[in-house]
Amino acid sequence: TVKLKGLGGDNVTGLGTGQGVVGIGTDGGKVLVWQPGTDVTQVGQMNGAVISVAAYGRSVVAVDDGGHAQLFTADGQTFRLSGKAAPFGVTMNDRYVVWAEEKGALTAGVAGGNAPYPETDLYLASLATGKIYDLVPEGGQQGFPSLSGSRLVWQDAAFGGDDVLTAQIPAGL
């Protein structure tokens with residue numbers, strides 16, 4: 001356990017883990033990293049409340065309630081990944097970051113074609129190439145991704161229900 005100091009009244013609103021570290025987000029936009037046995041370190045600041053967090057090594061990716069997704073790397077760099085990210089989870093490993101990206105109004109059968117919710121696709125940022133790819137360019141909602149190596153698992157509403165799908169990330173990304 002660790003006591004979080006210096007939050008200035010912020011509340012923890014997002015957590016993610018990977019390779020022995022914990023990524024932490026707050027409603028005041030703070031992005032922190034904690035490796036058990038060390039102090040908690042602030043690695044970044046988002047404009048809005050942090051909703052989704054993933055961590056790997058000492059790198060952390062965070063999505064805020066304004067749709068911003070940012071990667072804070074272990075060596076202190078910051079990369080803006082998106083300005084249209086949905087609050088439907090984020091995941092990362094040593095090769096990839098995957099999040100849900102808003103694509104407009106939901107038109108698939110899951111909501112009868114008329115809903116206030118956004119249509120989302122899963123987007124992938126390759127840490128090797130620096131490129132961003134639309135992994136699942138289908139109608140409906142894709143979200144809550146999880147990675148194990150190059151195996152991706154996610155929740156998907158493209159078939160009119162609430163399904164769990166899996167696929168290998170294509171080689172070379």
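Because only heavy atoms are used, hydrogens play no part in the values below, and waters and symmetry mates are left out as well, while side chains stay in.
- Side-chain contact between Trp99 and Ser82 is present, with heavy atoms from C-beta onward closer than 4.5 Å.
- For Thr166 (side chain) and Leu152 (main-chain N/O), a donor-acceptor pair under 3.5 Å exists by modelled atom type.
- A continuous path of Ile, Leu, Val, Met, Phe, Trp and Tyr side chains, each step under 4.5 Å between heavy atoms, connects Val63 with Ile132, placing both in one hydrophobic cluster.
- In this structure, Thr78 contributes its side chain and Phe72 its backbone to no donor-acceptor pair below 3.5 Å.
- Using modelled atom types, no side-chain atom of Asp121 and backbone atom of Glu101 make a donor-acceptor pair closer than 3.5 Å.
- Looking only at side-chain heavy atoms (C-beta outward), Val53 and Val60 come within less than 4.5 Å of each other.
- The hydrophobic cluster containing Val61 does not contain Val22, counting ILVMFWY residues as joined when their side-chain heavy atoms lie under 4.5 angstrom apart, directly or transitively.
- A donor-acceptor pair is defined here as one N or O able to donate and one able to accept, closer than 3.5 Å; such a pair exists between the side chain of Asp27 and the backbone of Asn11.
- Hydrophobic cluster membership is shared by Val2 and Leu7, with clusters built from Ile, Leu, Val, Met, Phe, Trp and Tyr side chains linked at under 4.5 angstrom.
- The shortest distance between side-chain heavy atoms of Leu173 and Thr129 does not fall below 4.5 Å.
- Remark: of the listed residues Gln142, Lys84, Lys103, Lys103 is the sole one forming a side-chain hydrogen bond (donor to acceptor under 3.5 Å, both in side chains) with Tyr123.
- Within the 4.5 Å cutoff, the side chain of Arg151 has heavy atoms near those of the Gln168 side chain.
- Looking only at side-chain heavy atoms (C-beta outward), Lys30 and Val40 stay at 4.5 Å or farther from each other.
- A heavy-atom distance below 4.5 Å is not found between the side chains of Thr26 and Leu4.
- Within 6.0 Å of the CG atom in Asp75, the count of heavy atoms belonging to other residues, nucleotides or ligands exceeds 12.
- With rounding to the nearest 0.5 angstrom, the CG atom of Leu127 is 9.5 Å from the OH atom of Tyr96.
- The shortest distance between side-chain heavy atoms of Asp94 and Gln19 does not fall below 4.5 Å.
- Listed for the Gln45 side chain is a donor-acceptor partner under 3.5 Å among the backbone atoms of Gly28.
- Ser150 and Arg95 are not linked by any side-chain donor-acceptor pair at a separation below 3.5 angstrom, with hydrogens and angles left out of the test.
- The hydrophobic cluster containing Leu32 does not contain Val50, counting ILVMFWY residues as joined when their side-chain heavy atoms lie under 4.5 angstrom apart, directly or transitively.
- Hydrophobic clustering places Leu135 together with Leu147 (ILVMFWY residues linked when any side-chain heavy atoms are closer than 4.5 Å, directly or through intermediates).
- Looking at heavy atoms from C-beta onward, Arg58 lies in side-chain contact with Thr41 at the 4.5 angstrom threshold.
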